[in-house]
*Asks:* 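Sharing a structure with you now.
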Amino acid sequence: MSFLEVKQAVSLMNRRERRELSLYLLRLRQKTPEWKRATAKRIKAMQSDRGVTLEPLEARLIRG
C-alpha cells in the first residue's frame, strides 16, 4: 500500500477510528530509541531542579 493509499484510507475513517490510529502511532513513536533518550533527558532535567513548577509556568502563560 502506498502512502497516498494510506492517506486516502485515513480520510475515509470516522472520528473514533482516526483517534485510535493516532494513539497507535503515538505508541509506536514511544518505542523508538530517540524518544526514550529524549524522555530520559527530560526526566534527568526535572530531577536536577531545572524543571518548571506550575506557578512560574502560569505566570509565563499569562504574560504571553
Side-chain angles (χ1 to χ4, degrees):
M1 180 180 267
S2 71
F3 186 65
L4 176 60
E5 291 169 322
V6 170
K7 287 172 46 176
Q8 290 170 340
V10 170
S11 70
L12 297 175
M13 291 179 179
N14 63 40
R15 187 176 186 179
R16 183 187 59 77
E17 291 169 327
R18 285 193 307 270
R19 186 175 189 286
E20 287 179 20
L21 177 60
S22 178
L23 291 172
Y24 172 74
L25 292 172
L26 286 171
R27 277 187 238 115
L28 279 181
R29 185 179 72 178
Q30 291 172 350
K31 292 182 180 180
T32 64
E34 297 83 12
W35 186 89
K36 289 177 182 180
R37 277 192 299 273
T39 301
K41 185 177 178 180
R42 284 187 211 103
I43 290 170
K44 187 175 179 180
M46 291 297 289
Q47 290 173 338
S48 66
D49 293 331
R50 288 187 291 159
V52 177
T53 61
L54 184 58
E55 292 79 18
L57 180 59
E58 286 176 337
R60 267 193 224 172
L61 292 173
I62 290 169
R63 281 183 276 157

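Since we're looking at a predicted model, the values are computed, not measured.
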*Asks:* Please list, chain by chain and in numerical order, all residues satisfying side-chain contact (heavy atoms from CB on, under 4.5 Å) with V10, sequence neighbours excluded.
*Replies:* V6, M13, R18, L21
*Asks:* If only atom types and distance count, is the side chain of E58 paired as donor or acceptor with the main-chain N or O of E55 below 3.5 Å?
*Replies:* no
*Asks:* Quick one: side-chain hydrogen bond (donor to acceptor under 3.5 Å, both in side chains) pairs with a partner in residues 20-41, sequence neighbours left out?
*Replies:* R16-E20
